[in-house]
Amino acid sequence: MIIIGGGLAGLTSAIHLAREGYNLLLLERYPYPHHKVCGEYVSNEIAPYLESLNVTLPKTVAIDTLQLSTKQGKLLQTKLPLGGFGISRYAFDNSLYKRALALGVSVKFETVKNVNFLKDVFNLDTENENRYSAKVIIGAYGKRSGLDKQLNRNFINKKAPWIGVKAHYDLQEFPDNLVALHNFEGGYGGLSKIESGAVNFCYLASYKSFQTEKNIEKFNSKVVAGNKFLNHFLRNAQPLFDEPMSIAQVSFERKQAIEGHILMCGDTAGLIHPLCGNGMAMAIHSAKLASERIHTFFKNSDYTRAQMESDYRKEWRNTFRRRLQTGRVLQSLLLSERATNMLMGTIAKSPGLIRSLIKRTHGKPISL
Ligand SMILES: Cc1cc2nc3c(=O)[nH]c(=O)nc-3n(C[C@H](O)[C@H](O)[C@H](O)COP(=O)(O)OP(=O)(O)OC[C@H]3O[C@@H](n4cnc5c(N)ncnc54)[C@H](O)[C@@H]3O)c2cc1C
């Protein structure tokens, strides 16, 4: 069995399946540890599952409060129904990697350039000119990759008009238990603490808005700082990275959970809008769903590949469709000034509404 991509989805499925006794090869582009553009707030939905996999994380920061602000500086605060924790991707992915190694997963740092399925077997080529074969493949290679082109996936030809920017900062006054989401022209930024006590600042902005300034420093000072809370943050926090990291061509188009007989997991199967703070939980949860289907496929000779694919597709849709839809609606509201003001006004009068919106974009803690 081969897993393409060693982010949260790929590493979690590797751990899950290695515990069931399978021999696995995981192919990942970059050696660990490495930073990633991400808000680094993880929903507690996946806490019981991670515990059951015996994954040891460094001391994380418990987060139970959400702040939201509009461009004009209206601020709202609420308790998070489920809550979560703050951890850097540098530490999170590396902890999962160590657990996978301890379970005997073979990890190779190679970039997969194509996959073909013929006579019930996958053949896969890497940029190091190695070829590997497997009966089952999990695609966990994230938001966008050359492989999506090779597999001729629909979303890859559509516009992906978003960029993501992230860096760590030192700002002692920032509360440990808070995740803050602040709106600015053409985007929004999240602030929350990670295990080291640093504050992660990560934002998503439309190209249209970013193009007005074209570089991160100017964009931060002219556009992002248009929100007074972000202005305060940028003026007072000390950057801990030499420069912020960025990713381009972020797409929220619909994707398929099965493509070319590959079981797609995490962002490879679908990316929820980051304002929901739920992408990492979905990546880990989808790894569980795929691993369970694969285990049934190998253990039960009557269970066909077609059944495995159809069951995974259904489970994926049933588990995640509603949150993806709610995420789409919330993102379009947040990026319309009028709609955001109306929404914030309604929420201010009825605080239960925000908690119900949050619940609609989050799952319940995974039952085992
Ligand atoms: C701006 C922004 C902020 C976000 N904030 C949050 C947040 O606060 N909370 C939250 O829960 N979610 C957040 N998300 C979403 C979250 O980052 C993703 O949902 C999550 O990283 C998905 O994990 P994954 O394992 O699917 O993909 P990834 O973590 O991207 O892993 C994919 C891996 O595949 C590797 N890879 C790619 N191509 C190949 C190849 N051809 N061969 C081999 N390896 C390959 C990559 O190197 C990478 O390590 C945010 C997303 C964005 C864009």
Side-chain angles (χ1 to χ4, degrees), residues 1-18 23-40 87-101 103-116 122-134 136-153 155-156 160 162-167 202 241-251 255 259-260 262-271 274 279-280 282-284 286-287 290-291:
M1 203 178 326
I2 296 180
I3 299 169
I4 308 173
L8 300 177
L11 287 163
T12 304
S13 43
I15 294 168
H16 186 123
L17 288 161
N23 282 327
L24 298 150
L25 170 62
L26 185 146
L27 296 166
E28 161 58 39
R29 216 164 22 171
Y30 303 119
Y32 303 95
H34 49 249
H35 287 289
K36 273 184 180 160
V37 173
C38 181
E40 304 187 329
I87 182 170
S88 67
R89 291 299 299 270
Y90 190 88
F92 199 1
D93 293 38
N94 198 41
S95 303
L96 293 170
Y97 167 59
K98 283 190 189 147
R99 178 75 183 122
L101 286 185
L103 288 164
V105 175
S106 164
V107 179
K108 292 192 176 171
F109 297 106
E110 298 187 42
T111 301
V112 178
K113 60 177 185 189
N114 63 56
V115 188
N116 293 294
F122 291 95
N123 287 305
L124 167 165
D125 298 303
T126 68
E127 285 181 358
N128 305 40
E129 304 305 334
N130 287 321
R131 170 163 278 210
Y132 301 98
S133 299
V136 167
I137 286 194
I138 294 180
Y141 50 84
K143 292 174 241 328
R144 196 180 189 89
S145 158
L147 274 178
D148 292 314
K149 273 215 168 95
Q150 187 253 323
L151 291 166
N152 205 14
R153 300 186 78 190
F155 84 92
I156 201 78
W162 298 96
I163 65 156
V165 177
K166 164 244 179 89
C202 181
F241 286 4
D242 291 340
E243 51 186 60
M245 305 173 67
S246 62
I247 47 166
Q249 291 194 298
V250 181
S251 158
K255 298 178 182 175
E259 202 98 57
I262 302 171
L263 278 76
M264 301 300 192
C265 266
D267 287 358
T268 319
L271 174 60
M280 289 192 271
M282 280 179 55
I284 290 170
S286 65
S291 304

Out of curiosity, Ile15 CD1 to Ile3 CD1, how far, rounded to the nearest 0.5 Å?
-> 9.5 Å

Where do Ile163 and Ala248 come nearest, in terms of heavy atoms and distance?
-> CG2-CA, 4.1 Å

Nearest 0.5 Å, what's the CG-OH distance between Leu27 and Tyr141?
-> 13.5 Å

Hey, mind stepping through Glu40 and Lys166 against side-chain contact (heavy atoms from CB on, under 4.5 Å) and telling me if it holds?
-> CA-CA 10 Å; Glu40 304 187 329; Lys166 164 244 179 89; 2.4 Å; yes

Here the pair of heavy atoms bringing Ser145 nearest to Ile156 is O-CD1, 4.4 Å

Scan Cys202, Pro244, Ser246 and name whichever one has a side chain to side chain contact (heavy atoms under 4.5 Å, CB included) with Val37.
-> Cys202

Apply ring-ring contact (aromatic ring centres under 6.0 Å, His included) to Phe155 and list each qualifying residue two or more places apart in sequence or on a separate chain.
-> none

Do you know which two heavy atoms are closest between Ser286 and Gly266, and how far apart they sit?
-> OG-N, 2.9 Å

How about Asp125 and Val112: do any of their side-chain heavy atoms sit closer than 4.5 Å?
-> no

Excluding sequence neighbours, so at least two apart, what forms side chain to side chain donor-acceptor pair (under 3.5 Å) with Asn130?
-> Glu110

Would you mind reporting whether Arg131 and Leu124 have side-chain heavy atoms less than 4.5 Å apart?
-> no

Are the side chain of Thr12 and the backbone N or O of Ile284 linked by a donor-acceptor pair below 3.5 Å?
-> no

Kindly indicate whether the side chain of Asn23, heavy atoms from C-beta on, has any atom under 4.5 Å from the side chain of Met1.
-> no

What residues, two or more places apart in sequence or in another chain, satisfy salt bridge (Lys or Arg N to Asp or Glu O under 4.0 Å) together with Arg153?
-> Asp148, Glu259

For Glu28 and Lys108, run salt bridge (charged side-chain N to carboxylate O under 4.0 Å, His left out): C-alpha distance rounded to whole Å, both residues' side-chain angles, the deciding distance at 0.1 Å, then the answer.
-> CA-CA 6 Å; Glu28 161 58 39; Lys108 292 192 176 171; over 6 Å; no

When rounded to the nearest 0.5 angstrom, what is the spacing between CG in Leu17 and OG in Ser291?
-> 4.0 Å

Please name all residues satisfying side-chain contact (heavy atoms from CB on, under 4.5 Å) with Gln150, sequence neighbours left out, ordered by chain then number.
-> Asn114, Val115, Asn116, Leu147

All ring-ring contact (aromatic ring centres under 6.0 Å, His included) counterparts of Tyr90, not counting sequence neighbours | His35

Applying side-chain contact (heavy atoms from CB on, under 4.5 Å), run through Thr268 and Lys255 and close with a yes or a no.
-> CA-CA 8 Å; Thr268 319; Lys255 298 178 182 175; 5.7 Å; no

For Ser251 and Arg144, which heavy atoms make the closest approach, and how far apart are they?
-> CB-NH1, 4.1 Å

Applying side-chain contact (heavy atoms from CB on, under 4.5 Å), run through Lys143 and Val250 and close with a yes or a no.
-> CA-CA 7 Å; Lys143 292 174 241 328; Val250 181; 4.3 Å; yes

Hey, what's the ring geometry for Tyr30 with His34, parallel, tilted or perpendicular (30° and 60° as the breaks)?
-> perpendicular

For Ala287 and Ser13 the tightest heavy-atom approach is CB-N, 3.7 Å

Taking the side chain as every heavy atom from C-beta outward, state whether Ile138 and Ile4 have any atom pair closer than 4.5 Å.
-> no

Partner set under salt bridge (Lys or Arg N to Asp or Glu O under 4.0 Å) for Asp93, not counting sequence neighbours | Lys36, Arg89

Spacing of CZ belonging to Phe92 relative to CD1 belonging to Ile87, to within rounding of 0.5 Å = 6.0 Å

How many angstroms lie between NZ in Lys98 and CG in Leu96, if you round to the nearest 0.5 Å?
-> 11.0 Å

Between Ser133 and Asn123 the two heavy atoms that sit nearest each other are OG-OD1, 2.6 Å

Just how far is it from atom OH of Tyr32 to atom CG of Leu11, taken to the nearest 0.5 Å?
-> 4.0 Å

Can you find a heavy atom in the side chain of Thr111 that is under 4.5 Å from one in the side chain of Thr126?
-> no

Is there side-chain contact between Ile262 and Phe122, with at least one heavy-atom pair below 4.5 Å?
-> yes

